[in-house]
Amino acid sequence: YENDRLLALATEFQRKGSSMASSSTRPGRSTDSWGSGPVTSLPAMNGVIARDLAPIFCPAPSSEPLDLFEVLNSTCPMPTHKFMQAFSGDASASHGPPPEPKAAVEGLGRSIRTGLAGTNRSTSGGVLSAYAVIRGATTPDVATLRADVMDKLGGPVPWRSVEHLDLRQHAAPLRSAPKSARAAAFVNWKRTGQVIQSVNDIAQQKFQNRVFLHWYEQCGFGEAEFEHAFESLNRVVADFASA
């Protein structure tokens, strides 16, 4: 999970669950030990991760077990580049008719926009492949549903088509959300190269300033090993850029 995205979603997740919070604490956030301001809690971050992954790990009843290795390889066909981002969104039926898949997909879109807010990174036309699961609602119009999901992800790279989205749906909701339809997706896209480039740039700057370098040197990870790691990441970034 990318830090900025996880923090943004966890803050929103915590805000929605803040109805039981004390009136002395700002809704949706806790206060750090120094009292200097609001912070997002670790349980909220874990809640976001569990919420995103649950439909992927439980796409259907136990009669159709999930092969995670198969999902990983279908979403990331490149043999050495196994990078994915996970998103999920839902639609509640607490006070109305049963939710429809389209409503869950709209929730997925909101989750993506929230997660990428402030990153200044476009996802338009960058999807290499994706795997999506909708639990709690189904539709016979799979083609339209597939197009809606791909649209929320930003659309495929020019040489791809929407057929490279593996989409599954099942009427049974998740036990953790019995009155909701939830859409979740693993996505492998060109934006991954931008994320890796950002991490690599920060790491190289710290390396040049010898930040914590002595700890690595004590373990036998010296300058040559760092240079090799940076070169490897640069190759990965180049591969995503040319994909």
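Every heavy atom of this structure was used, including side-chain atoms; hydrogens, water molecules and symmetry mates were not. Quick caveat, the model's predicted, so the values are computed rather than measured. Just so you know, residue 1 is the first one in the sequence shown, and it goes up from there.
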Can you give me the closest heavy-atom contact between [X] and [Y], atom names plus distance?
| X | Y | answer |
| --- | --- | --- |
| Ser180 | Pro99 | C-CG, 4.2 Å |
| Ala91 | Ala104 | CB-N, 3.8 Å |
| Asp52 | Ala86 | OD2-O, 3.5 Å |
| Ala172 | Arg135 | O-NE, 2.6 Å |
| Met150 | Pro156 | CG-CD, 3.7 Å |
| Pro101 | Gln169 | CG-OE1, 4.3 Å |

Tell me whether [X] shares a hydrophobic cluster with [Y], the cluster being built from Ile, Leu, Val, Met, Phe, Trp, Tyr side chains joined at under 4.5 Å.
| X | Y | answer |
| --- | --- | --- |
| Leu174 | Phe87 | no |
| Val199 | Phe83 | no |
| Tyr131 | Ile49 | yes |

Nearest-0.5 Å distance, [atom1] of residue [X] to [atom2] of residue [Y]:
| X | Y | atom1 | atom2 | result |
| --- | --- | --- | --- | --- |
| Ser232 | Asn200 | OG | CG | 9.5 Å |
| Thr192 | Lys190 | OG1 | NZ | 10.5 Å |
| Asp151 | Leu108 | CG | CG | 11.0 Å |
| Arg182 | Ser111 | CZ | OG | 8.5 Å |
| Arg191 | Leu128 | CZ | CG | 13.5 Å |
| Ser129 | Leu165 | OG | CG | 9.5 Å |

Hey, mind stepping through Leu145 and Ile134 against side-chain contact (heavy atoms from CB on, under 4.5 Å) and telling me if it holds?
CA-CA 10 Å; Leu145 183 62; Ile134 297 177; 3.7 Å; yes
Do any side-chain atoms of residues 205-219 form donor-acceptor pairs under 3.5 angstrom with protein atoms, and if so which ones, sequence neighbours left out?
residue	atom	partner	partner atom	Å
Asn209	ND2	Gln205	O	3.2
Arg210	NH2	Glu217	OE2	3.0

Start with the C-alpha distance between Phe240 and Asn188, add both sets of side-chain angles, then the distance that settles side-chain contact (heavy atoms from CB on, under 4.5 Å), and finish with yes or no.
CA-CA 10 Å; Phe240 272 103; Asn188 174 30; 3.4 Å; yes
Of all residues at least two apart in sequence or in a different chain, which pass the side chain to side chain donor-acceptor pair (under 3.5 Å) check with Glu106?
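With sequence neighbours excluded, Glu106 shows a side chain to side chain donor-acceptor pair (under 3.5 Å) to Lys152, given in chain and number order.
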For Gln197, check side chain to side chain donor-acceptor pair (under 3.5 Å) against everything at least two apart and list the hits.
Asp201
Around atom CD of Glu227, are there more than 12 heavy atoms of other residues, nucleotides or ligands at under 6.0 Å?
yes
Using a cut-off of 6.0 Å, state whether more than 12 heavy atoms not belonging to Lys102 lie near its atom NZ.
no
Would you say that Asn234 contacts Gln204 through its side chain, given a criterion of any heavy-atom pair below 4.5 Å between the two side chains?
yes
